[in-house]
Amino acid sequence: MPRRPTIALDADGVLVDFHHGYAEAWRRAFGARPAERDPLAYWPMDRWAVERLEGAARRHFWRYFDEEFWLHLPALPGAVEACHRLHDAGFDLVCVSALDAAWQSARLRNLRALGFPIERVIATGHHAGERSPKADAIAELMPEAFVDDYLPYLRGVPDAVHRALVLRAPNGSPNEGPELVLAHTTHDDLTDFVDHWLARDAR
């Protein structure tokens, strides 16, 4: 049987709602879910009415980005259905996520529990720099397309891979400027990408 073509997908901001998880982590850490300040903010600390934490308070908060956090992120609207459309059209889906390897299994269990037709997660870790921490994994995987919502993570991804950027929330977004040329296409969300991709395949 011939190998099915692959599409690589980021998780947070493409498949699942990290912002919701951030607010829940805050509730678990400090006892109350924060109010929403800006629903169009790209970064969760700008979306929610939270204070900037330092020192011990910051360390306390980050302890709640634990297994429970990574196991219970909700799907973004339409994302599960969009993935099933890709899968039914003949694509294998792989999640390539810039999270620590310790949470790779939890991420996969979360996606499977939500009903995503995804059976593999590649956790690349995160680091700043001129080359995406995901670039090597994408180069090894060589999917037909890679979908992310963070423009710097397109750096170094092979030109042979279609680089799709989900723009989502505009306020404070890093998805602007000269590096937008790294994206072959831009989309409002994963559903918009799938509409584009399947229409492209149908031509």
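Only this structure's heavy atoms are used, side chains among them; waters, hydrogens and symmetry mates stay out.
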Quick one: sort the [X] and [Y] rings into parallel, tilted or perpendicular, breaks at 30° and 60°.
{"X": "His187", "Y": "His196", "answer": "tilted"}
{"X": "Phe61", "Y": "Trp26", "answer": "perpendicular"}
{"X": "Tyr153", "Y": "Tyr150", "answer": "perpendicular"}

Give me the atom names and distance for the closest heavy-atom approach of [X] to [Y].
{"X": "Asp100", "Y": "Ala123", "value": "O-CB, 4.0 Å"}
{"X": "Pro152", "Y": "Ser132", "value": "O-CB, 3.8 Å"}
{"X": "Val96", "Y": "Ala8", "value": "CG2-CB, 4.0 Å"}
{"X": "Ser97", "Y": "Ala11", "value": "OG-CB, 4.3 Å"}
{"X": "Trp197", "Y": "Phe91", "value": "NE1-CZ, 3.2 Å"}

Arg52, CZ atom: more than 12 neighbouring heavy atoms under 6.0 Å: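 Enclosed: over 12 neighbouring heavy atoms sit under 6.0 Å from CZ of Arg52.
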Other residues, nucleotides, ligands: >12 heavy atoms within 6.0 Å of Glu119 CD: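 No, not enclosed.
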Could you see if [X] belongs to whatever hydrophobic cluster contains [Y]? Use Ile, Leu, Val, Met, Phe, Trp, Tyr and a side-chain cutoff under 4.5 Å.
{"X": "Leu99", "Y": "Leu154", "value": "no"}
{"X": "Leu180", "Y": "Phe146", "value": "yes"}
{"X": "Leu182", "Y": "Val166", "value": "no"}
{"X": "Val16", "Y": "Leu165", "value": "no"}
{"X": "Tyr22", "Y": "Val14", "value": "yes"}

If we ignore hydrogens and angles and just use 3.5 Å, is the side chain of [X] paired with the main-chain N or O of [Y] as donor and acceptor?
{"X": "Arg168", "Y": "Tyr42", "value": "yes"}
{"X": "Trp70", "Y": "Ser105", "value": "no"}
{"X": "Arg28", "Y": "Tyr64", "value": "yes"}
{"X": "Asn110", "Y": "Leu73", "value": "yes"}
{"X": "His184", "Y": "Arg163", "value": "yes"}
{"X": "Arg37", "Y": "Met45", "value": "yes"}
{"X": "His126", "Y": "Pro133", "value": "no"}

By salt bridge (Lys or Arg N to Asp or Glu O under 4.0 Å) - contacts of Arg33 (at least two apart):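 Expected list: Glu24.
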To the nearest 0.5 Å, how far apart are [atom1] in [X] and [atom2] in [Y]?
{"X": "Asp189", "Y": "Leu76", "atom1": "CG", "atom2": "CG", "answer": "8.5 Å"}
{"X": "Ser173", "Y": "Leu40", "atom1": "OG", "atom2": "CG", "answer": "11.5 Å"}
{"X": "Thr186", "Y": "Leu151", "atom1": "OG1", "atom2": "CG", "answer": "10.5 Å"}
{"X": "Trp48", "Y": "His20", "atom1": "CH2", "atom2": "NE2", "answer": "8.5 Å"}
{"X": "Ile7", "Y": "Phe193", "atom1": "CD1", "atom2": "CZ", "answer": "4.5 Å"}
{"X": "Gln104", "Y": "Arg109", "atom1": "CD", "atom2": "CZ", "answer": "12.5 Å"}

Indicate yes or no: at least one non-hydrogen side-chain atom of [X] is less than 4.5 angstrom from one of [Y].
{"X": "Phe18", "Y": "Trp43", "result": "no"}
{"X": "Met142", "Y": "Val161", "result": "yes"}
{"X": "Asp46", "Y": "Asn171", "result": "no"}
{"X": "Leu108", "Y": "Cys95", "result": "no"}
{"X": "His19", "Y": "Glu36", "result": "no"}
{"X": "Ile122", "Y": "Glu140", "result": "no"}
{"X": "Asp136", "Y": "Arg131", "result": "yes"}
{"X": "Glu81", "Y": "Thr191", "result": "no"}

SB check Arg107 Asp12 (cutoff 4.0 Å):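 Asp12 and Arg107: salt-bridged.
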Sidechain N-carboxylate O distance under 4.0 Å for Arg120, Asp92: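 Looking at Arg120 and Asp92, the cut-off is not met.
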Step-by-step side-chain contact (heavy atoms from CB on, under 4.5 Å) determination, Thr6 to Leu141: CA-CA 8 Å; Thr6 299; Leu141 192 63; 4.2 Å; yes
By ring-ring contact (aromatic ring centres under 6.0 Å, His included) - contacts of Trp62 (at least two apart):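 By the ring-ring contact (aromatic ring centres under 6.0 Å, His included) rule, Trp62 matches Phe65.
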Residue of the set Leu15, Val94, Val80 for which side chain to side chain contact (heavy atoms under 4.5 Å, CB included) holds with Ile118: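 Only one option passes, and that is Leu15.
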Pairs under 3.5 angstrom only: tabulate donor-acceptor contacts from the side chains of residues 82-89 to other protein residues two or more places apart or in another chain.
from, atom 1, to, atom 2, distance (Å)
His84, NE2, Gly115, O, 2.8
Arg85, NH1, Asp195, OD1, 2.9
Arg85, NH2, Asp195, OD1, 2.9

